[in-house]
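Just so it is clear: chains get the letters A, B, ... in the order the sequence lines come, proteins before strands, and each one is counted from 1.
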Amino acid sequence: MQFLTNNGDLVLFVLLIILGYVAGSLAEKRHYASIRKREREMMSMPVVTFVDGYPASRVTHSQLVTGSAVISIDYFKRFLAILRNLFGGRVKSYESLIDRARREAILRMKAEAEKKGAALIVNFRLETSAIGRSANRKRQVGSVEALAYGTAVFLEQQ
Amino acid sequence: MKFTPKPVDGDVNLSGKHPLREAVWLVAELLVILALLYFVFGFVAQFVAVRLPVKAEIWIGSKLEAKYQAHTDAFLQDHLDRLVRELPADSPLHEYSFKIFLDDSKKINAFALPGGSIVVFQGLLNTVRSENELDMVLAHELGHFYHRDHLRAMGRNLLLFLVARLLPGDQSPDLVLWLAGKFERRYSQKQELAADSWGLDLLYRRYGHVGGATDFFRRLSQKNKSHLAYFLATHPHPEDRLNSLNRIIEEKHYPVGETVPFSSGQKEKLGSGAAH
């Protein structure tokens with residue numbers, strides 16, 4: 001008991017790591033399941049990075065659509081990344097973070113376009129950024145934002 | 001160009017390995033490197049500690065003292081000076097001019113700083129009940145100076161601190177120092193026992209007997225029954241110190257005389273806790 005009280009910092013640190021691992025993996029697993037399911041559902045809407053590629057004569061109008069997602073790092077991922085910083089190499093713990101943010105952002109953008117009745121999205125772009133100054137500050141757990149945007153193209157019905 | 005919808009198969013952007021496996025590997029690598037560094041640094045510190053001239057040590061000490069917020073105490077200084085006068089004429093400790101500082105914190109502790117400064121915490125003063133006991137504590141700290149333990153410890157800690165600072169992340173310094181403490185344990189417990197033994201000899205020179213030498217540790221060991229808390233401590237369990245002191249007293253046939261209680265005026269100076 002005395003050991004626990006004397007090393008409060010360390011105990012807290014270990015608890016946060018465990019919490020980060022358990023909660024983080026659970027959230028990630030569920031998120032990925034949802035991402036895969038929705039990606040399949042919305043597969044039929046093309047999202048392309050080039051500007052043309054649609055029958056221009058049938059276009060009624062076009063409009064900006066955006067989707068963004070913010071995903072937070074958990075303590076365990078952060079701990080892994082800190083260790084990675086020492087040795088170098090791929091920061092694997094952050095890869096899934098960025099991947100989820102990106103795919104989620106695209107899905108949300110597609111969802112918006114679909115709701116509005118667009119047929120496809122052209123000139124699709126993707127940005128990522130660290131959210132808030134806390135991302136680089138001590139004793140803070142940062143998060144990453146992915147922003148997907150593009151031009152939703154609406155076609156007249158045949 | 002025709003658009004053909006296709007599901008995204010697999011996650012090319014993810015490295016598949018299990019994160020726990022990665023964590024275990026990275027931690028293991030880090031530990032091995034740190035352990036190696038620690039022993040190299042310890043060796044260097046040891047090497048320097050026994051060769052560093054007292055003058056250089058006093059210079060280092062003057063730098064540290066400025067950072068340490070504590071006040072001097074005439075009563076304690078007097079006790080310390082009397083102990084130093086009892087040292088043999090050829091003792092290397094005469095090169096120092098020892099100064100004692102009182103820290104108001106309630107911790108039951110005292111430590112030696114490079115250059116001849118001893119810091120005593122109020123909590124310790126509240127625990128001691130006789131002049132002999134206080135002198136035993138001070139003599140123990142002088143023993144650290146004689147063995148130059150404070151320099152050894154400082155050398156290691158300084159280097160460790162540097163490593164800890166270099167690591168990214170805010171928890172890592174704590175983590176490194178905590179781990180280092182585990183390595184340090186055996187090593188420093190041995191130093192503590194050696195300083196106890198040295199202090200005992202000085203106490204004998206001062207009073208002609210060693211009464212009061214063990215009282216302090218006996219009281220502490222009654223207070224802290226658990227040995228578990230001392231498993232990771234830098235100091236041995238008071239009971240172990242008590243036993244080792246008793247063994248030396250027996251071996252050297254030191255007489256155990258009556259202790260000199262503090263006079264009432266001195267008690268007040270030592271703080272209210274000394275009265276009970």
Side-chain angles (χ1 to χ4, degrees), chain A residues 1-7 9-10 12-14 16-17 20-21 24-25 28 32 35-36 39-48 50 52-54 74-87 89-93 95-100 102-103 106 119-120 137-140, chain B residues 1-34 37 107 163-182 223-235 237:
Chain A
M1 204 49 222
Q2 202 170 351
F3 174 79
L4 288 185
T5 49
N6 287 349
N7 297 282
D9 272 13
L10 193 87
L12 186 67
F13 173 69
V14 171
L16 281 173
I17 292 225
Y21 177 69
S25 328
E28 187 156 300
Y32 265 126
I35 286 176
R36 289 202 188 94
E39 273 177 352
R40 253 162 241 279
E41 284 166 7
M42 291 202 253
M43 214 165 59
S44 57
M45 174 181 291
V47 177
V48 292
F50 45 78
D52 51 359
Y54 50 88
D74 61 58
Y75 224 80
F76 176 75
K77 284 191 167 60
R78 197 174 128 85
F79 175 66
L80 264 187
I82 286 170
L83 289 174
R84 246 316 148 213
N85 283 345
L86 282 177
F87 298 106
R90 283 178 297 175
V91 188
K92 291 174 201 160
S93 62
E95 284 175 352
S96 63
L97 217 65
I98 308 282
D99 186 59
R100 277 159 67 196
R102 206 164 40 211
R103 285 162 82 172
I106 296 173
L120 77 164
R137 229 174 36 204
K138 283 199 158 193
R139 300 210 184 269
Q140 294 283 341
Chain B
M1 200 174 84
K2 176 101 179 69
F3 177 85
T4 327
K6 254 172 72 181
V8 186
D9 289 324
D11 298 315
V12 283
N13 292 318
L14 302 177
S15 319
K17 254 195 191 158
H18 199 277
L20 269 186
R21 223 173 95 182
E22 193 193 0
V24 168
W25 263 110
L26 288 177
V27 168
E29 279 173 54
L30 183 66
L31 286 184
V32 168
I33 291 173
L34 281 182
L37 279 178
K107 276 184 274 189
V163 174
R165 280 283 131 193
L166 287 177
L167 291 182
D170 9 288
Q171 263 77 29
S172 35
D174 299 344
L175 201 65
V176 168
L177 293 176
W178 179 75
L179 282 168
K182 290 190 92 156
K223 227 168 150 185
N224 305 297
K225 285 262 181 269
S226 155
H227 279 249
L228 192 71
Y230 280 85
F231 181 66
L232 297 171
T234 53
H235 285 59
H237 190 276

Legend entry - Atom pair CG (B/Leu30) and CD1 (A/Ile82), whose distance is rounded to the nearest 0.5 Å: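 CD1 of A/Ile82 is found 11.0 Å from CG of B/Leu30.
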Inset, instruction - Nearest 0.5 Å please: distance from the CD atom of B/Glu22 over to the CZ atom of A/Arg90. - result: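 One finds 9.0 Å between CD of B/Glu22 and CZ of A/Arg90.
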Inset, instruction - Heavy-atom distances under 4.5 Å only: say whether B/Leu20 touches chain A with side chain, backbone, both or neither. - result: both
Inset, instruction - Just do the side chain to side chain contact (heavy atoms under 4.5 Å, CB included) check on A/Phe79 and B/Leu26 with the steps written out, would you? - result: CA-CA 10 Å; A/Phe79 175 66; B/Leu26 288 177; over 6 Å; no
Inset, instruction - Please state whether the side chain, the backbone, both or neither of A/Arg102 comes within less than 4.5 Å of a heavy atom of chain B. - result: side chain
Legend entry - Any side-chain heavy-atom pair of A/Tyr32 and B/Leu14 under 4.5 Å: yes
